[in-house]
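Reminder, nothing fancy here: chain letters follow the sequence lines and each chain counts from 1.
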Amino acid sequence: MSNRPGAMPGFWRNYWSRNRITISLGVVTCIFLADSLQLGRASAWVPRSILLTTLSLIVLLLGRELRGQSAGAGVTAIPDTKGIVSIVPALGWIGAMLMMVWLLGVSMGLMLFCFGYLRWYANESWSMSGVLACSLGLFIQGVFGLLFKMPLYQGVLSALT
Amino acid sequence: MDATVVNAAFEGLSLVFSWPYFMYTIAGTLLAMLFSAVPGLNSSTLMALAIPLTIAWEPLPLMLVFGAFVGGATFMGSITAILFNIPGKSQNAVTLLDGYPLTQQGMAKTAIGCAATSSALGSTFGIFFLIGLIPFMREAAMALGPPEYLMLAIWGLTTLAALSGGSMLKGLIVAGLGLQLALIGYDPRTAELRFTFGLDYLHDGLSLVPVFLGVFALAEVIDLMVSRKQTLSGKHHIEELTGSVWEGVQSVFRHFGLFLRSSVIGTVIGAIPGVGSSVAGFVAYGHARQTAGRASRFGRGDIRGLLAPEAANDAKDGGALVPTLALGIPGGTGTAVLLGALTLHGMNPGREMLTDNLVLVFVLIWSLFLSNWITSLLGLSLVNPMARLSTIRTTRLLPFIIALSVIGCLQFRGLMADVVCAVLFGLLGYLMKRHDWPRIPLAIAIVLAPLFETNLHLTLRLHELERIVFWTRPLVLVLIAMTLVNLFLPAISSRLNAKRQGQREGSSAGDESE
């Protein structure tokens, strides 16, 4: 595959893969910059100075990467798409954990998450998953509930009932 | 030495060794050791988890526990480096160069004995260096005004960006991102709301707790979940270790000159913000190698190649506390999280810390000292059980770490939104780690932003009122020069190197054609 700018769209796909974090940070900075237009003059100059400096640095980095890629230098690494795909199940489990904690509270939500995560994500046995989930529940109640006497989040469902 | 400092030092020492405070240091050390044995986790993760859980604590136990966290983690990474060729932390990467060959030669206990002694004595050197500097740090902190603090914040950020690993441009961008995130909430001067995007949650700005938990704890959790790493050592049982611990202890005294020089290297490098302890270890190793005779066996199991980086790695802890406590500019990730914890407890490093809270400063220092010795002594006596910690399956520990993160977030303000915020920062931290973006400048920028903004406004106001002339203050000029050096030196030196390389290639091509 050629790395010349004329060899579209492979060149730009490669460029995006290598610089997606930089481009995303640039987009975030632009959003902040757009929001700063609503600010009064006295409040706006410090944020705008920081945002414009950051944006200039991002543009500089993107320009440098573009120049390097056009020259064929530093294009040794093949974009890692596997990493992005493999994060999806992990994020799914974290999302499920958030949902369970929000609905059922800390103890029950984290116990259920622990059981599900160990059984289906980490492929532990049913018994090991059960024992560790119960241990986690006991740990939370024992250490935080009884020892530290912390008020544990009960979840929205408990508020309804 | 100033009588106030001496009194504070003795008061701090008596507090650390008094009941029940003694137990805080022991518990903190054991926790730090445990966390260092879990792959991907480290003392920074532990500190980030501990910040919200200790939010209601008095400052004294907080200092004891955090001092122990800083001191307790380093040596465990050496054990896994020596026994399994796997560094527990980046700073232990150099330990394995000679540590693992010693294990292969049946001298595992000798290597661990040497590493433990070198670590304990190295940390003692760094800590006494720090104590010796405290009177000067107090005077320096007293002499600083708003312009100096403003320039210190800018210099600290550029130093961290330049030295925190990877591209400097990336470091500066991350620092800029941290500053812009820290601007969320009310403007301190006009009380106008900034960057809240209509969300009530953002009115008070981003809290350090979810940010630190996300960037340092949940990012590691996501990384472990994605990588599905089983155990640190890759083994499920540990064989019996051989060698003589006593021989290892003696080797440090046989090469005491090298030990002292390595400790100095570690302390000085530790005091430079952002340089990181891995650099200290490598520089000390390089020094040991250069000063060794031709008959040295470096890389094939030379005890000096183990002694030097271990001394430097632990001596740097004392050095790293110098800029953290005196200027509020952290030396590395661990001290960055420590700085966050201190700020959340209303203790501002710098003048206030070294005058009003001097006893607490000494409590932190003595706790660090004690935890380093506990770690080394436990390492010497309990090598086999310690090594077994590295066979714990990560997947079984992860739900517990996630639970601690969630409870920590909820404990802080009772807001579920804090947990969501921590997860988002965890994802950001994971992506940054995966794509080689430094995370330290982000955290430091968020911590330093109030210092930067407040002192910027104060300096401008004082300048307007003609109370100060910014450009005639010597320290300000020095800091401006240092900032410019940070920003432009890497680019200039790489250009010069490229030019030299080009000249060399040109002359060699000329020789070939002749």
Side-chain angles (χ1 to χ4, degrees), chain A residues 20-22 24-26 28-29 31-32 35-36 39-40 42-44 46-47 50-51 53-55 57-58 60-61 64 80 83 86-87 89-91 93-95 97-98 101-102 106 109-111 113-115 117-118 121-124 128 132-133 135-136 139-140 144 148 150-153 156, chain B residues 53 56 167 169-170 172-177 179-184 187 189-197 218 221-228 393-396 398-400 402-404 406-407 410-411 414-416 419-420 423 426-427 430-432 434-437 449 452-453 456-457:
Chain A
R20 53 188 160 213
I21 298 277
T22 320
S24 308
L25 291 180
V28 170
T29 309
I31 292 170
F32 272 69
D35 197 65
S36 77
L39 297 173
S43 306
V46 174
I50 293 169
L51 291 166
T53 311
T54 313
L55 198 58
L57 292 168
I58 290 171
L60 188 66
L61 182 63
R64 192 182 276 184
D80 178 16
S86 60
I87 195 180
L91 284 181
W93 276 103
I94 289 180
M97 180 270 294
L98 283 177
V101 170
W102 179 61
V106 169
L110 286 172
M111 270 173 72
F113 160 73
C114 178
F115 181 79
Y117 164 81
L118 287 171
Y121 188 86
N123 295 324
E124 292 283 355
M128 180 55 78
L132 284 172
S135 310
L136 180 67
F139 172 71
I140 293 169
F144 299 103
F148 291 158
M150 285 180 179
L152 293 169
Y153 181 72
V156 288
Chain B
L53 299 176
S167 148
L169 211 47
K170 284 182 176 177
L172 287 172
I173 292 169
V174 171
L177 177 76
L179 284 177
Q180 73 193 52
L181 290 174
L183 292 173
I184 293 173
D187 184 309
R189 210 164 53 114
T190 61
E192 193 175 351
L193 274 175
R194 302 178 297 195
F195 310 123
T196 54
F197 302 101
L218 285 175
V221 165
I222 295 172
D223 191 35
L224 288 172
M225 283 175 89
V226 172
S227 67
R228 291 173 184 256
R393 287 180 71 167
T394 319
T395 46
R396 292 176 185 172
L398 274 181
F400 287 82
I402 293 174
L404 283 175
V406 170
I407 293 170
L410 286 169
Q411 167 62 16
L415 295 174
M416 194 61 202
V419 187
V420 177
V423 169
L427 182 61
Y430 166 75
L431 291 173
M432 289 170 81
R434 195 172 177 88
H435 292 269
D436 272 338
W437 282 72
F452 167 78
E453 201 177 6
L456 175 67
H457 290 308

Q) Closest heavy-atom contact between A/Gly40 and B/Glu192? A) N-OE2, 3.0 Å
**Q.** Atom group of A/Leu118 that falls short of 4.5 Å from chain B, counting heavy atoms
**A.** side chain
Q) Rounded to the nearest 0.5 Å, how far does CD1 of A/Ile50 lie from CG of B/Leu177? A) 11.5 Å
Q | Under 4.5 Å from any heavy atom of chain B - which part of A/Leu25 | A | side chain
Q: Could you look at B/Leu410 and say if it's the side chain, the backbone, both or neither that has a heavy atom under 4.5 Å from chain A?
A: side chain
Q | Spacing of CG belonging to A/Leu51 relative to CD belonging to B/Gln180, to within rounding of 0.5 Å | A | 5.0 Å
Q. Can you tell if the side chain of B/Leu431 reaches within under 4.5 Å of the side chain of A/Arg20, non-hydrogen atoms only?
A. no
Q: Could you check if a side-chain atom of B/Thr395 sits within less than 4.5 angstrom of a side-chain atom of A/Asn123, using non-hydrogen atoms only?
A: no
Q: Heavy atoms only: give me the nearest A/Phe113-B/Pro399 pair and the separation to one decimal.
A: CE2-CA, 4.4 Å
(Q) Using every non-hydrogen atom in the two residues, find where B/Ala403 and A/Ile140 come nearest and quote the distance to one decimal. (A) CB-CD1, 4.4 Å
Q) Which bit of B/Arg189 is near chain A, if near means a heavy-atom gap under 4.5 Å: side chain, backbone, both or neither? A) side chain
Q: Could you check if a side-chain atom of B/Lys170 sits within less than 4.5 angstrom of a side-chain atom of A/Thr22, using non-hydrogen atoms only?
A: no
Q: Over 60° means perpendicular and under 30° means parallel, so classify the ring planes of B/Phe197 and A/Phe32, tilted if in between.
A: perpendicular
Q) Can you name the closest pair of heavy atoms from A/Trp93 and B/Met225 and give their distance? A) CB-CE, 3.9 Å
Q: Let me know if B/Ile173 has heavy atoms under 4.5 Å from chain A in its side chain, its backbone, both or neither.
A: both
Q | A/Ser24 portion near chain B, given a 4.5 angstrom heavy-atom threshold | A | neither
(Q) I'd like to know which of A/Leu152, A/Val101, A/Thr53, A/Leu55 tops the heavy-atom pair count under 4.5 Å against chain B. (A) A/Val101
Q.
Heavy-atom pairs under 4.5 Å with chain A: which of B/Ile184, B/Leu404, B/Leu53, B/Ile407 has the most?
A. B/Ile407
Q) Contact part of A/Leu60 toward chain B, heavy-atom cut-off under 4.5 Å: side chain, backbone, both or neither? A) both
Q) In Å and rounded to the nearest 0.5 Å, what is the CG to CG distance from A/Leu57 to B/Leu172? A) 5.5 Å
Q | Under 4.5 Å from any heavy atom of chain B - which part of A/Ser43 | A | both
**Q.** Closest non-hydrogen atom pair between B/Val226 and A/Ile87, with its separation
**A.** CG2-CA, 3.8 Å
Q | Heavy-atom side-chain contact between B/Thr190 and A/Leu39 under 4.5 Å | A | no
Q: Against chain B, label A/Leu136 side chain, backbone, both or neither, depending on which of its atoms sit under 4.5 Å from a heavy atom there.
A: both
**Q.** Spatial distance of atom CH2 (B/Trp437) from atom CD1 (A/Ile21) [nearest 0.5 Å]
**A.** 7.5 Å
